[in-house]
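Just the heavy atoms: all of them, side chains too, but no hydrogens, waters or symmetry mates, feed the values below. Lettering of chains follows the sequences in order, A, B, ..., and the numbering in each one begins at 1.
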Amino acid sequence: MAEEKSLNFIEEIVEEDLKSGKYKEIVTRFPPEPNGYLHMGHAKSICLNFGLTEKYGGYTNLRFDDTNPVKEDVEYVDSIKEDVQWLGFQWKNEYYASDYFEQLYNFAVSLIKKGLAYVDDSTAEEIASGKGTPTTPGTNSPYRDRTIEENLRLFQEMRDGKYKDGEKVLRAKIDMAAINMHMRDPLMYRIKHAHHHRTGDKWCIYPMYDFAHGQSDSIEDITHSVCTLEFVPHRELYDWFIKSLEIFPSHQYEFARLNMTYTMMSKRKLLQLVNDGVVDGWDDPRMPTISALRRRGFTPESIREFCNRIGVAKRDNLIDVGLLEFCAREHLNRITDRRMVVFDPIKVVITDFPEGKTEWMEGENNPEVETLTFRKIPFTREIYIEREDFMEDAPSKYFRMTPGKMVRLKSAYIVNCDSVEKDADGNITQVNCSLLPDSKSGGENANIKVKGTIHWVSIEHAKKAELRLYDRLFTEANLDDAPGEFKDYLNLHSLDIIPDAYIEPSLLDAKDDDHFQFIRKGYFVLDRKHSSSEKLVFNRTVTLKDSWAKELKKGE
RNA sequence: UGCCCGAUAGUAUAAUGGUAGUACGACAGUUUUUGGUACUGUUUGUCUAGGUUCGAAUCCUGGUCGGGCAACCA
């Protein structure tokens with residue numbers, strides 16, 4: 001039974017349009033500019049655009065908005081395609097705004113012929129000052145009243161490469177006194193003698209966003225062109241071009257972009273982090289990019305669930321990054337196999353367990369699935385446990401190993417902690433325990449109530465692996481409001497590498513991108529970039545919830 | 001100080017003139033061979049002042065606060 005979920009405002013519009021018969025099917029598009037990697041903000045847009053046509057029928061195009069050759073690159077095209085598909089969406093058509101350059105040129109010519117566009121020789125500065133301000137009207141350019149014939153000729157010459165960058169532009173002839181600044185004779189074309197990643201050197205004039213985006217939508221019969229709030233003032237111009245050109249009337253709808261706590265979502269600033277070497281590339285697991293989240297171990301399911309939960313509205317928002325972590329835990333808890341890994345070892349000797357003996361325990365892979373499966377875990381006289389799981393003088397609420405108390409070794413025996421050995425400096429070198437008879441899993445005494453259960457690995461069988469523990473990249477929750485530079489708030493401890501953690505041997509079978517829960521520690525994924533047959537590297541996706549840590553914090 | 005958009009628990013998001021609900025968080029508890037998971041309970045909200053109405057989070061008006069708009073960027 002599907003749960004009745006309320007609609008967001010865009011779904012309401014779509015339902016109305018379908019109900020009224022305005023459209024038989026809807027068409028949306030995801031229109032990235034290939035000038036950087038996709039991040040969580042794009043994921044929200046992707047889920048919205050593809051989600052709409054998944055839900056209501058129709059289809060979604062992937063369209064690269066590649067109208068600015070100096071910033072764009074095929075590297076970005078490739079990564080964008082990979083990320084969209086990885087999220088689980090498939091576009092109907094792969095299009096490029098650059099595929100429409102010829103048609104857009106013809107559109108421009110038709111506007112010139114209608115007397116609705118003109119070539120302007122003014123400099124950038126002159127045009128800027130001619131725009132006026134939001135409270136004072138602009139002034140007409142001295143070139144505004146050129147004849148149609150002259151405009152036609154000059155525009156052709158612009159295309160033919162007769163002019164240098166910046167020498168001339170094509171402008172729409174609207175109203176220099178318009179209240180909406182975007183209507184004050186906006187630029188349609190500028191000259192850029194630059195190599196384009198797809199059209200090469202064929203063009204030296206390139207359309208501006210406003211004269212490419214809406215027209216591309218129209219060419220593709222996009223019914224609902226969904227974008228973010230900063231484009232609201234562009235909508236009047238979007239509609240003006242479509243109306244003046246008398247082409248298919250796509251409509252633009254705007255929603256609030258995603259902001260997350262402790263997260264930088266500006267492509268430009270992310271590029272800065274990459275270029276300055278603050279992070280190790282766009283897919284550094286601390287980045288908010290899709291490729292980074294993938295490497296970090298987030299699943300597409302968890303990202304889509306997150307996008308579902310945050311909703312779509314027009315109000316500015318700042319989503320707690322904890323919600324993304326919640327979605328990751330929720331999914332990973334269901335799908336991951338459990339393994340035991342000791343991060344910071346302390347040696348424990350089971351004094352009454354025979355030397356040289358290996359007992360193979362049955363460990364549950366995942367208690368959350370219906371049909372349980374098991375793996376073999378070797379148990380021996382000498383094991384490692386987590387240093388923080390032993391305490392010599394423990395408070396009453398401490399449920400782990402402490403002298404005189406019993407604790408359960410996960411999937412193995414209950415042991416009693418008998419004594420501690422120290423070196424000359426008083427450092428603990430070894431803890432001695434004895435077994436509680438028949439307390440092995442399934443044994444007679446196995447169901448005895450013991451407060452704590454801890455994880456362990458057999459010293460003889462343990463293998464080594466590198467663990468990378470990530471923390472948030474920034475120390476400030478709301479980077480937009482924080483004074484100063486965003487780089488002032490970099491978290492210097494966002495990456496903590498444990499070069500030699502001790503892993504149970506079954507982990508040797510891990511393959512690229514395999515997810516695990518390291519019991520009591522967190523969710524990890526085998527890093528495809530840094531792992532080799534000699535050295536396994538695991539990235540921590542997210543910790544487990546830790547109510548003991550919370551308890552400790554309270555005491556502070 | 002022109003125009004545009006917005007304002008509901010800590011954070012998001014519903015309620016579309018008729019009981020202010022949900023999720024995450026926080027807090028308390030139950031269960032547990034993960035101090036995990038699951039489950040239960042508690043907590044906290046309609047920016048403000050008027051108006052319309054039998055009845056307003058919702059409609060109207062004024063105000064306040066937040067965001068956006070003057071790139072040959074998208």
Side-chain angles (χ1 to χ4, degrees), chain A residues 5-8 12 31-33 35 65-68 70-72 120 122-124 127-138 165-171 178-182 184 187-192 205-206 208-210 212-213 227-236 254 256 261 267-268 308-320 322-327 329-330 333-334 338 340 364 367-368 397-400 408-412 414 439 441 446-455 480 517-522 543-552:
Chain A
K5 217 219 163 207
S6 56
L7 306 177
N8 64 52
E12 279 180 8
E33 183 189 12
N35 69 342
D65 226 334
D66 54 350
T67 57
N68 187 0
V70 299
K71 287 188 176 174
E72 295 151 9
D120 194 335
S122 307
T123 64
I127 289 175
S129 63
K131 289 237 167 161
T133 73
T135 49
T136 56
D165 287 9
E167 216 174 312
K168 284 180 167 45
V169 292
L170 184 73
R171 288 230 252 173
I179 285 165
N180 183 345
M181 297 292 290
H182 293 273
R184 323 245 262 226
L187 271 60
M188 294 166 59
Y189 270 91
R190 77 288 216 191
I191 299 169
K192 272 182 198 282
I205 57 171
Y206 293 93
M208 302 288 293
Y209 167 85
D210 286 305
H213 200 102
C227 63
T228 46
L229 247 30
E230 64 267 29
F231 292 99
V232 168
H234 294 250
R235 190 174 60 229
E236 191 180 351
E254 311 87 8
T261 55
K267 256 201 259 181
R268 188 177 58 80
N308 246 323
R309 284 174 181 255
I310 57 176
V312 177
K314 301 183 80 158
R315 168 178 15 160
D316 287 336
N317 59 77
L318 181 62
I319 309 280
D320 189 342
L323 183 62
L324 179 61
E325 293 173 351
F326 167 85
C327 293
R329 290 190 186 105
E330 183 186 55
N333 176 52
R334 288 203 314 268
R338 315 289 132 125
M340 293 200 283
E364 229 170 43
E368 302 295 323
K397 279 188 185 168
Y398 187 82
F399 301 150
R400 284 111 100 143
R408 186 188 302 276
L409 299 174
K410 175 77 180 171
S411 301
I414 296 171
S439 64
S441 298
N447 293 328
I448 286 178
K449 294 277 179 212
V450 187
K451 276 282 193 183
T453 300
I454 62 174
H455 61 279
D480 286 338
Q517 184 199 102
F518 292 173
I519 289 178
R520 302 208 303 134
K521 297 305 258 180
T543 60
L544 257 31
K545 265 174 79 177
D546 190 348
S547 51
W548 172 241
K550 204 184 261 180
E551 185 71 29
L552 287 176

[X] [atom1] to [N] [atom2], straight-line distance once rounded to whole Å:
X        : N      : atom1 : atom2 : result
A:Arg268 : B:rA71 : CZ    : C1'   : 12 Å
A:Leu318 : B:rC24 : CG    : C1'   : 14 Å
A:Lys545 : B:rC27 : NZ    : C1'   : 12 Å
A:Asn333 : B:rU37 : CG    : P     : 7 Å
A:His182 : B:rA71 : NE2   : C1'   : 10 Å

Taking any heavy-atom pair under 4.0 Å as a contact, classify [X]: base, sugar-phosphate, or nothing.
X        : value
A:Ile454 : nothing
A:Arg400 : base
A:Lys451 : nothing
A:Lys449 : sugar-phosphate
A:Arg520 : base
A:Val232 : sugar-phosphate
A:Ser122 : base
A:Gly166 : base
A:Ile519 : base
A:Asp316 : sugar-phosphate
A:Pro367 : base
A:Ala313 : sugar-phosphate
A:Lys521 : nothing
A:Arg338 : base

Answer yes or no: side-chain N or O of A:Thr453 and base N or O of B:rU34 forming a donor-acceptor pair under 3.5 Å. no
side-chain N/O [X] vs [N] OP1/OP2, d < 4.0 Å:
X        : N      : answer
A:Arg190 : B:rA74 : yes
A:Thr67  : B:rA74 : yes
A:Arg329 : B:rG36 : no
A:Thr135 : B:rC3  : no
A:Lys550 : B:rA26 : yes

If you only use heavy atoms from C-beta on, which nucleotide in [options] is closest to the side chain of [X]?
X        : options                : result
A:Pro134 : B:rA12, B:rA70, B:rU33 : B:rA70
A:Phe231 : B:rA70, B:rG35, B:rA74 : B:rA74
A:Lys314 : B:rC5, B:rG2, B:rU33   : B:rC5
A:Glu230 : B:rA23, B:rU13, B:rA74 : B:rA74
A:Asn8   : B:rA14, B:rA71, B:rC73 : B:rA14
A:Tyr398 : B:rG35, B:rG68, B:rC5  : B:rG35
A:Glu368 : B:rG36, B:rA26, B:rU33 : B:rG36
A:Gln517 : B:rC72, B:rU34, B:rC69 : B:rU34
A:Leu544 : B:rG36, B:rA74, B:rC24 : B:rG36
A:Glu33  : B:rG35, B:rG25, B:rA74 : B:rA74

Nearest-nucleotide wise, let me know which of A:Asp320 and A:Ser411 is further upstream toward the 5' end of RNA chain B. A:Asp320
Nearest heavy atom decides the nucleotide; on that basis, is A:Phe518 or A:Ile179 closer to the 5' end of RNA chain B? A:Ile179
Interatomic distance at [atom1], [N] relative to [M], whole Å:
N      : M      : atom1 : answer
B:rG10 : B:rG62 : P     : 30 Å
B:rG6  : B:rA57 : C1'   : 15 Å
B:rU52 : B:rG66 : C1'   : 28 Å
B:rA15 : B:rA7  : P     : 12 Å
B:rU19 : B:rU58 : C1'   : 16 Å
B:rG17 : B:rG2  : C1'   : 34 Å
B:rA23 : B:rU43 : P     : 15 Å
B:rA20 : B:rG63 : P     : 31 Å

Decide yes or no for [X] and [Y]: does some side-chain heavy atom of the first lie under 4.5 Å from some side-chain heavy atom of the second?
X        : Y        : result
A:Arg520 : A:Arg338 : no
A:His213 : A:Phe231 : no
A:Ile414 : A:Leu409 : no

Apply salt bridge (charged side-chain N to carboxylate O under 4.0 Å, His left out) to A:Lys71 and A:Glu33, showing your working. CA-CA 9 Å; A:Lys71 287 188 176 174; A:Glu33 183 189 12; over 6 Å; no
Keeping the roles fixed (side chain from A:Arg408, backbone from A:Ile448), state whether a donor-acceptor pair exists under 3.5 Å. yes
Of A:Glu72, A:Lys267, A:Arg268, the one forming a side-chain hydrogen bond (donor to acceptor under 3.5 Å, both in side chains) with A:Asn35 is A:Lys267
Quick one: stems involving RNA chain B, counted as three or more successive Watson-Crick or G-U pairs, both distances short of 3.5 Å. B:2-7 with B:64-69, B:10-13 with B:21-24, B:26-30 with B:38-42, B:47-51 with B:59-63
Looking at A:Ile191, A:Ile205, A:Leu187, A:Thr123, which hits side chain to side chain contact (heavy atoms under 4.5 Å, CB included) with A:Val169? A:Leu187
Minimal heavy-atom distance between A:Thr67 and A:Arg190, with the atoms involved, is O-NH1, 3.3 Å
Between B:rA74 and A:Tyr209, is there a base-stacking contact, meaning the centre of the base's six-membered ring lies under 5.5 Å from the residue's ring centre while the planes stay under 30° apart? no
Before you tell me yes or no, could you show the steps for A:Tyr398 and A:Lys451 under side-chain contact (heavy atoms from CB on, under 4.5 Å), namely the whole-Å CA-CA distance, both residues' side-chain angles and the distance that decides it to 0.1 Å? CA-CA 9 Å; A:Tyr398 187 82; A:Lys451 276 282 193 183; over 6 Å; no
Using the six-membered ring wherever Trp is involved, compare the ring planes of A:His234 and A:Tyr209 and label them parallel, tilted or perpendicular (cut-offs 30° and 60°). perpendicular
Here the gap from A:Asp546 atom CG to A:Lys521 atom NZ, rounded to the nearest 0.5 Å, amounts to 8.5 Å
